[in-house]
Amino acid sequence: MIKLSQRLLGPVTLLLLGLTFWLGLWITPPDAVQGNLVRLLYVHPPIAWVALYVSFGTASIASCLYLWKRTRSEVMDRIAHCSMEVSVVFIALTLITGSIWGRPTWGVWWAWDARLTSTAILGVFALAYLALRRANDDPTLRARRGAVFAILTAINVPIIHFSVQWWKTLHQGASVLTSNGTLNVHGSMLWTMLIGFVGFTLLFFWLLRYRYRLEVKRDLKVADTVVEALALRQREGV
Amino acid sequence: MVVRLVNAVVMSRGFPLLSGVDLEIERASLNVVTGANGAGKTSLLRLLGGLDSLTSGEGSVVGVDLLDGDLRSLRRRVGWLGHEGSFYADLSVRENLVFAARALGRPVDDVASAVERVGLTHRIDTTTKQLSAGQRRRLGLAWLLVRRPELWLLDEPYASLDDAGREFFDHLLGDVLAGGATVVVSAHDPLRSSDLAPRNLQMVGGRVRVS
Amino acid sequence: MVVRLVNAVVMSRGFPLLSGVDLEIERASLNVVTGANGAGKTSLLRLLGGLDSLTSGEGSVVGVDLLDGDLRSLRRRVGWLGHEGSFYADLSVRENLVFAARALGRPVDDVASAVERVGLTHRIDTTTKQLSAGQRRRLGLAWLLVRRPELWLLDEPYASLDDAGREFFDHLLGDVLAGGATVVVSAHDPLRSSDLAPRNLQMVGGRVRVS
Amino acid sequence: MTRIAWLVATKDLRIEARSRVLLWQVLPFGVIALLLSGLALGPTQVGNSTAGPGLFYLVTLFVTLLMINRSQALENAPGTKASVATLGLDPAGVFLGKALALTLELWITGLVLLGGSVLFLHIALIGTLQAVPSILVTLTTLAVAGTLYGALTRGGDGPATLLPVVTLPAFAPLLIAGERSFSAALHGGALWEWWVIVVVALVAYTAVGILLYGVLEES
Amino acid sequence: MTRIAWLVATKDLRIEARSRVLLWQVLPFGVIALLLSGLALGPTQVGNSTAGPGLFYLVTLFVTLLMINRSQALENAPGTKASVATLGLDPAGVFLGKALALTLELWITGLVLLGGSVLFLHIALIGTLQAVPSILVTLTTLAVAGTLYGALTRGGDGPATLLPVVTLPAFAPLLIAGERSFSAALHGGALWEWWVIVVVALVAYTAVGILLYGVLEES
Ligand code: HEM
Ligand SMILES: Nc1ncnc2c1ncn2[C@@H]1O[C@H](COP(=O)(O)OP(=O)(O)OP(=O)(O)O)[C@@H](O)[C@H]1O
Ligand SMILES: Nc1ncnc2c1ncn2[C@@H]1O[C@H](COP(=O)(O)OP(=O)(O)OP(=O)(O)O)[C@@H](O)[C@H]1O
Ligand SMILES: [Mg+2]
Ligand SMILES: [Mg+2]
């Protein structure tokens, strides 16, 4: 079952993303105000959602599991590390798609708006996480410090969200699903967005799996060199 | 058995500091670790003190498992004298020792007698970074006297001590062993006191070759 | 006369590290400075190397006046091996030595042979901060081999060297003296080689008591 | 835990009092940085009441980084680390003690810088006085969070430069909150939201520190 | 002199390249600090073209301080100091070499920060490009002066905190000059006066460094 779903992950992701692009570019109508720019709607929000919630969520859950003695294993550490790395990619994509959207609509590439600012701060958190890992080469130390830092980041997500929210906002509000529960996008657009959300979420896990395997392979290679290094060391001075 | 290591490996940046140590050490024994420069003596002592962590293999020290035991409780029972033992460089000799005594819940009165024993009474209010190399070593010994650990790990204790200091150290070793504590010393010089019958652990290439 | 000190005093934060040293040292002689911990051995060597400056009294080393001579030209002619000699901790053994060779205009080829002589060939590309205490000492010796100074100031050279290292050091001393350089060593252990006939300078309370 | 906290805090404060670095180096630095900020923005911006609180917090932040660094450097000298590790101090106590000492130092610095801001950036005195409680609480949060992040970055290569990278994103919301509550005190306006952010952060960091500081110290 | 300068510069750059502190720590720090400055001033101030150049220089200044510190810390390790002293390197060469390495590092950092400023502080791109030469010269002056002041503060207690106090007053005029010439590039206006100040300072610091660095190193 798990094997099968893993096998299917790649093709299904590709299928859903292909569907999103096809629907987004050819089937859905252009917007009355924004024209063809609205097509970014099928890409930008899903990417942003993955960047902030899916990847940070995965990283912090894995980190908690790492710190809890009973579930501590390098698997958890690797998952946290890899999802944080993939998160950087998605945050960059969020910023890029957002900027591309912002330039024609707001007239600037970047504005000091709440959503944008909090995205940027979280991006810095992800970069800082990677920098922190780089700076420590003892694997246990690195894993522990990384885990603590990831948890601190997770705690910071709401703090950042509210502080920046109360600070000022320009960005698109919750426009798809308004607070009274009414939908205000066209039917085909909604479907496309929904498929996009699922597609990009699956893309995240696909990339994560890929990155994870790479890490395992690298660790195996390291293990080989360890054996070599041990033999070399044991011959020293004999 | 105070120390038990089975094929212990410690890696650092891809280099094996210890490349598979098998070792057992009995309670109240005196063990001298010898070996060429870079053989791994300091690394072994650091592992035993819980200051570095085990990469692979098994091990336990004073009953604490090195892989998933509580290293902090291990460290608490171990005394360490390293190549560079300077404590808080901005505090005086007395302040450093009072800090240690308070931290361990020992009576503060022990401090004066420890300082007296290592012969630093005339420098008791001198800032540690002002001390000479040998005086710093002596402060390290005083620190151990206040600590009274179960397992003493001493990395080249003779280095930079003068004759009187070495004499004192030999006396101390005798007392410590008589008190039931275990001692592991790394040294390039043979121990001076002839009353002690140390076990020699020779290290080569990150491993112990018990003789 | 390589060294001449008259009533030399060195103060540091109101404390006299040296409290009036009178000393003369001849060319190509071997001098061993002994004394209790804190007697002032390190301070004396630092003064001779131009690393600390004279507070009062008179002095000249290799012809450079300590009060108003050019201390930099003095330092250039002096070799120093201190308690902590680690050079640039982020550079490898080779890079450190190449830097020294280039700085002094010596041929870079000397480096490999110096490393060979101190037995660090298998660590030549290791970062200095990764080295063990004794290996760092050996790097210090290699540095001196590349430098080939007139006056060698060695602060406890035996400390943390293994037997092979000490043997090598004794050989080196012989060569250096034969080459006409002057050596001042501080030590707590007697020199091992019996061929050398060192002059003993005993220090007590910041002064030299020539015996 | 409180006994160790007290022991560590007094030790840190004693070292600080002895070296006088706070008095002679950190405080002058902060005051000069304030002056420079005034200069960098030019006369048109100064006296501009929006910029004042922001600049005060920006400078305070840099000073805080310097002090966190010092606080961690004390523990990080090669000899010190191993010897103190064998004391097996209760990590929660160490965390609280270092945070306590840092808080006190930051309060002193913060109040001096506040005086400097009134002088050099022409912030209104009355409003500034009303902002003092919120500033002290913000500084406490900075100290607690800083102690935690300081331990996280300790010992690697060049911790002096890694620390800012790691702390800045975490300090950003605190900075915003502090600046807003300062501005609110100056111009009137709802204060409580900012209090909520800062206090929630304080509680969260304290809890994480007490629970996880030990994890950072081990190995 | 030039031989030693080259030797010292390559040594410093090699250590920098090895530790990657510039890439992984200093640059991110600078970018975050820019972001934070934008935050601290609030959305209303940003895009305000007077503030932009000032903030850019303020952040550059803090980054410069970090880098001077690192550059001096290399020479200041206890073992290093004595061993290198006995090489008796030509002090003028050491000074030039360290200044050269620092200049290069600052140029890289400055250009990245400039990009960040254009993005986050909304400084006009064209004007910014025109300002690049003046910025590079100002950075060079900062590097040269910083090397000199770094040597001055080296070795005391906590150089990490003493340095800013000593440098800030000296950097203040450079900062103003740089900011003005940047503003002039943005809005048009007389540029040459600011060039004069910066270049005179550069020449003066270089001359003093070559002549007097040796005095600083001795004892
Ligand atoms: C660099 C610029 C931008 C960044 C960093 C950014 C970031 C974000 C983030 C973090 C989300 C939240 C995703 C979620 O909560 O699920 C989001 C959602 C969204 N963004 Fe952006 N954005 C940017 C520019 C823009 C622009 C210019 C527009 C359109 C004018 C836009 C339209 C949207 C929409 C419609 C959503 C979905 C909102 C919802 O339904 O809740 N974004 N963006
Ligand atoms: N990254 C690395 N690459 C290569 N070698 C390394 C690395 N890290 C450590 N080493 C080596 O590991 C060994 C560590 O040995 P250790 O300090 O335990 O030696 P020791 O027996 O205490 O020696 P000494 O008598 O000199 O104190 C040294 O040989 C050192 O060169
Ligand atoms: N500020 C000070 N106050 C009191 N004593 C000081 C101060 N500064 C230095 N000292 C003392 O000066 C002496 C310096 O001695 P030095 O380092 O030269 O000794 P040494 O002979 O090399 O000793 P060792 O054998 O231990 O290396 C020490 O006794 C030290 O305690
Ligand atoms: Mg050793
Ligand atoms: Mg000495």
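- Options B/Ala36, B/Ala159, B/Gly119 differ in how many heavy-atom pairs under 4.5 Å they form with chain C, and the most are formed by B/Ala36.
- Both the backbone and the side chain of C/Leu161 have a heavy atom closer than 4.5 Å to some heavy atom of chain B.
- Remark: B/Ala114 engages B/Ala142, B/Leu145, B/Val146 in a side chain to side chain contact (heavy atoms under 4.5 Å, CB included) (not counting sequence neighbours).
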Using atom types as modelled and no hydrogens or angles, find all donor-acceptor pairs between chain B and chain C shorter than 3.5 Å.
{"residue": "B/Asn37", "atom": "N", "partner": "C/Asp162", "partner atom": "OD2", "Å": "2.8"}
{"residue": "B/Asn37", "atom": "OD1", "partner": "C/Arg138", "partner atom": "NE", "Å": "2.9"}
{"residue": "B/Asn37", "atom": "OD1", "partner": "C/Arg138", "partner atom": "NH2", "Å": "3.4"}
{"residue": "B/Asn37", "atom": "OD1", "partner": "C/Asp162", "partner atom": "N", "Å": "3.2"}
{"residue": "B/Asn37", "atom": "ND2", "partner": "C/Ser160", "partner atom": "O", "Å": "2.9"}
{"residue": "B/Gly38", "atom": "N", "partner": "C/Ser132", "partner atom": "OG", "Å": "3.4"}
{"residue": "B/Ser132", "atom": "OG", "partner": "C/Gly38", "partner atom": "N", "Å": "3.3"}
{"residue": "B/Arg138", "atom": "NE", "partner": "C/Asn37", "partner atom": "OD1", "Å": "2.9"}
{"residue": "B/Arg138", "atom": "NH2", "partner": "C/Asn37", "partner atom": "OD1", "Å": "3.4"}
{"residue": "B/Glu156", "atom": "OE1", "partner": "C/Ser160", "partner atom": "N", "Å": "3.4"}
{"residue": "B/Ser160", "atom": "N", "partner": "C/Glu156", "partner atom": "OE1", "Å": "3.4"}
{"residue": "B/Ser160", "atom": "O", "partner": "C/Asn37", "partner atom": "ND2", "Å": "2.9"}
{"residue": "B/Asp162", "atom": "N", "partner": "C/Asn37", "partner atom": "OD1", "Å": "3.3"}
{"residue": "B/Asp162", "atom": "OD2", "partner": "C/Asn37", "partner atom": "N", "Å": "2.7"}
{"residue": "B/Arg166", "atom": "NH1", "partner": "C/Asp189", "partner atom": "OD2", "Å": "3.0"}
{"residue": "B/Asp189", "atom": "OD2", "partner": "C/Arg166", "partner atom": "NH1", "Å": "2.9"}

